Amino acid sequence: MTGFNEREKAFENKMARDEEVEFRITARRNKLVGQWAAAKMKLTAEETDAYAKSVVQADFEEAGDEDVIRKLLGDLTSAGVDVDDAAVRAALEEHMIEARRQFTQENS
């Protein structure tokens, strides 16, 4: 019985670690896509940093990416940037790849 309990605990630890890694990668993606959007809105360096942080925070509103997409699309449209839902979703996908690459490089 002890062997089973140890395996179960190891599995739980791995799942928790995997969830934390995905959380960090998603937060990095949100920061990168926030920087992308800030560049499209022609924000200053200081504004870009603050905006990227606000995109990361927007992801805490609800599960999934819809909260981030809503924020980006709304802010870009309000700033007069010609962008649609598909472009924002494509940017999220591209920046997820970059975020995963950066995370892997830093942690190998």
Side-chain angles (χ1 to χ4, degrees):
M1 186 78 159
T2 304
F4 178 76
N5 289 341
E6 288 172 3
R7 282 185 287 173
E8 184 177 25
K9 184 70 172 169
F11 182 73
E12 288 172 0
N13 288 339
K14 182 184 181 325
M15 283 185 57
R17 190 173 56 250
D18 290 349
E19 285 179 16
E20 181 180 346
V21 166
E22 283 306 309
F23 172 81
R24 289 175 183 239
I25 291 170
T26 300
R28 183 178 301 237
R29 179 215 52 193
N30 291 342
K31 181 178 178 181
L32 292 170
V33 80
Q35 292 168 343
W36 166 82
K40 293 210 170 281
M41 293 186 283
K42 297 179 175 48
L43 301 182
T44 66
E46 295 80 23
E47 291 169 331
T48 295
D49 186 49
Y51 185 74
K53 288 177 183 175
S54 75
V55 174
V56 172
Q57 290 175 335
D59 197 21
F60 298 120
E61 291 177 17
E62 63 187 51
D65 292 334
E66 294 306 311
D67 45 1
V68 174
I69 292 167
R70 250 190 331 272
K71 175 172 183 45
L72 291 165
L73 196 54
D75 292 346
L76 287 163
T77 302
S78 293
V81 177
D82 186 25
V83 68
D84 61 6
D85 186 77
V88 171
R89 289 179 188 278
L92 281 173
E93 287 181 32
E94 292 169 19
H95 289 91
M96 180 59 98
I97 294 166
E98 177 61 17
R100 194 171 300 282
R101 185 192 64 74
Q102 287 179 6
F103 186 86
T104 302
Q105 280 183 338
E106 289 176 4
N107 293 289
S108 38

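All heavy atoms count here, side chains included; hydrogens, waters and symmetry mates do not. Predicted model only: the values in this text are computed from it and were never measured.
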**Prompt:** Mind checking who shares a hydrophobic cluster with Met96, ILVMFWY linked at side-chain heavy-atom distances under 4.5 Å?
**Reply:** Val21, Ile25, Phe103
**Request:** Could you list who else is in Val88's hydrophobic cluster, with ILVMFWY side chains joined at under 4.5 Å, directly or through other members?
**Result:** Val33, Trp36, Met41, Leu43, Tyr51, Val55, Val68, Ile69, Leu72, Leu73, Leu76, Val81, Val83, Leu92
**Message:** Applying salt bridge (Lys or Arg N to Asp or Glu O under 4.0 Å) as the test, list every pair that has at least one member in residues 77-88; sequence neighbours left out.
**Reply:** Asp85-Arg89
**Prompt:** Tell me, which pairs form a salt bridge (Lys or Arg N to Asp or Glu O under 4.0 Å) where one or both residues lie in residues 29-46, sequence neighbours left out?
**Reply:** Arg29-Asp65
If the condition is side-chain hydrogen bond (donor to acceptor under 3.5 Å, both in side chains), which residues does [X] pass it with, not counting sequence neighbours?
X	result
Glu12	none
Glu61	none
Gln57	none
Arg101	Glu98, Gln105

**Request:** Would you give the length of the straight line joining atom OG1 of Thr26 to atom CZ of Arg100, rounded to the nearest 0.5 angstrom?
**Result:** 7.5 Å
**Message:** To check you understand the geometry: which heavy-atom pair defines the closest contact between Thr104 and Ser108, and what is its length?
**Reply:** O-OG, 2.8 Å
**Asked** At their closest point, which heavy atom of His95 faces which heavy atom of Leu32, and how far apart are they?
**Response** CD2-CB, 3.6 Å
Pairing residues for [X] by the salt bridge (Lys or Arg N to Asp or Glu O under 4.0 Å) criterion, not counting sequence neighbours:
X	answer
Asp18	Lys14
Asp49	Lys53
Glu8	none
Glu94	none

**Item:** Ionic contact status for Arg70 with Glu66, cut-off 4.0 Å
**Value:** no
**Message:** Applying salt bridge (Lys or Arg N to Asp or Glu O under 4.0 Å) to Glu106 and Arg28, what does each step give before you reach the verdict?
**Reply:** CA-CA 12 Å; Glu106 289 176 4; Arg28 183 178 301 237; 2.8 Å; yes
